[in-house]
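Below is one structure, written out as structure tokens, with a few remarks after it.
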Amino acid sequence: MARNADAISAKLTRRQPGTPGDGGGEIVTLTHKTRDEIKKQGMIGEAIAWLRGNKDEGVIHRVEQIAGYDPEKLDHAGLRFDRAVLEIEKDGVTKTINSNTIAAKFTYPASYDLQLDDDTWLLRVREVLEGPLSEGTDIVL
């Protein structure tokens with residue numbers, strides 16, 4: 001789905017602290033939707049990193065940068081986000097993924113009696129996530 005996505009959105013959110021009795025505070029959301037192939041490739045690259053287990057604290061800043069924002073300026077403006085998701089749109093269908101849910105959403109059983117080796121599994125995941133690449137471009141997993 002991601003490989004031929006019509007658009008991919010980076011959605012950054014944070015919960016503002018609330019006051020007692022207000023229902024938990026306000027949620028602040030910043031969404032950047034792109035159809036630009038370079039930005040889509042950057043977002044797909046981040047998703048591939050999530051599949052590899054790269055779920056460190058830098059995830060949010062990396063998504064901010066891929067979307068074209070300066071993380072330091074956002075932080076300085078009081079927009080320090082605590083959650084980043086990618087929304088992948090294809091033919092009117094949207095799939096939302098984050099570093100904790102991507103494996104479940106992009107991993108499909110080949111069959112009940114067949115366990116794929118790691119290299120085959122990574123190849124299949126890459127086929128799902130990679131976008132149109134120019135001839136000679138390599139992706140290393």
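The minimum heavy-atom distance between A47 and L86, with the atom names listed, is CB-CD1, 4.3 Å. Scanning both residues, N98 and A84, for their nearest heavy atoms gives CB-O, 3.5 Å. Residues A10 and M43 share a closest heavy-atom pair of CB-CE, 3.9 Å. D70 and E72 get closest at one heavy-atom pair: OD1-N, 2.9 Å. Scanning all heavy atoms of the two residues, the minimum distance from T29 to T31 falls at CG2-OG1, 3.6 Å. When all heavy atoms are compared, the tightest approach of R14 to G78 is NH2-O, 2.7 Å.
Atom-to-atom distance recorded for R83:CZ and S99:OG is 9.0 Å, nearest 0.5 angstrom. For the atom pair E64 CD and R80 CZ, the distance stands at 9.5 Å (nearest 0.5 Å). Atom CD1 of I38 and atom CG of D36 lie 5.5 Å apart (nearest 0.5 Å).
Here the side chains of E46 and V59 are in contact, with some heavy-atom distance below 4.5 Å. Side-chain contact between H61 and D75: present, with at least one pair of heavy atoms (C-beta onward) separated by less than 4.5 Å. No side-chain heavy atom of V63 sits under 4.5 Å from any side-chain heavy atom of F81.
Looking at D6, its side chain does come within 3.5 Å of a backbone N or O of D91 through a donor-acceptor pair. Proximity of a side-chain donor or acceptor of S9 to a complementary backbone N or O of K11 within less than 3.5 Å is not detected.
With E87 as the partner, the side-chain contact (heavy atoms from CB on, under 4.5 Å) test is satisfied by one option alone out of I97, T96, I8: T96.
Residues satisfying the ring-ring contact (aromatic ring centres under 6.0 Å, His included) criterion with H32, sequence neighbours excluded, are Y69.
Cluster annotation: I48 and V85 are assigned to distinct hydrophobic clusters (Ile/Leu/Val/Met/Phe/Trp/Tyr, side-chain heavy-atom contacts under 4.5 Å, transitive). Hydrophobic cluster membership is shared by I60 and L79, with clusters built from Ile, Leu, Val, Met, Phe, Trp and Tyr side chains linked at under 4.5 angstrom.
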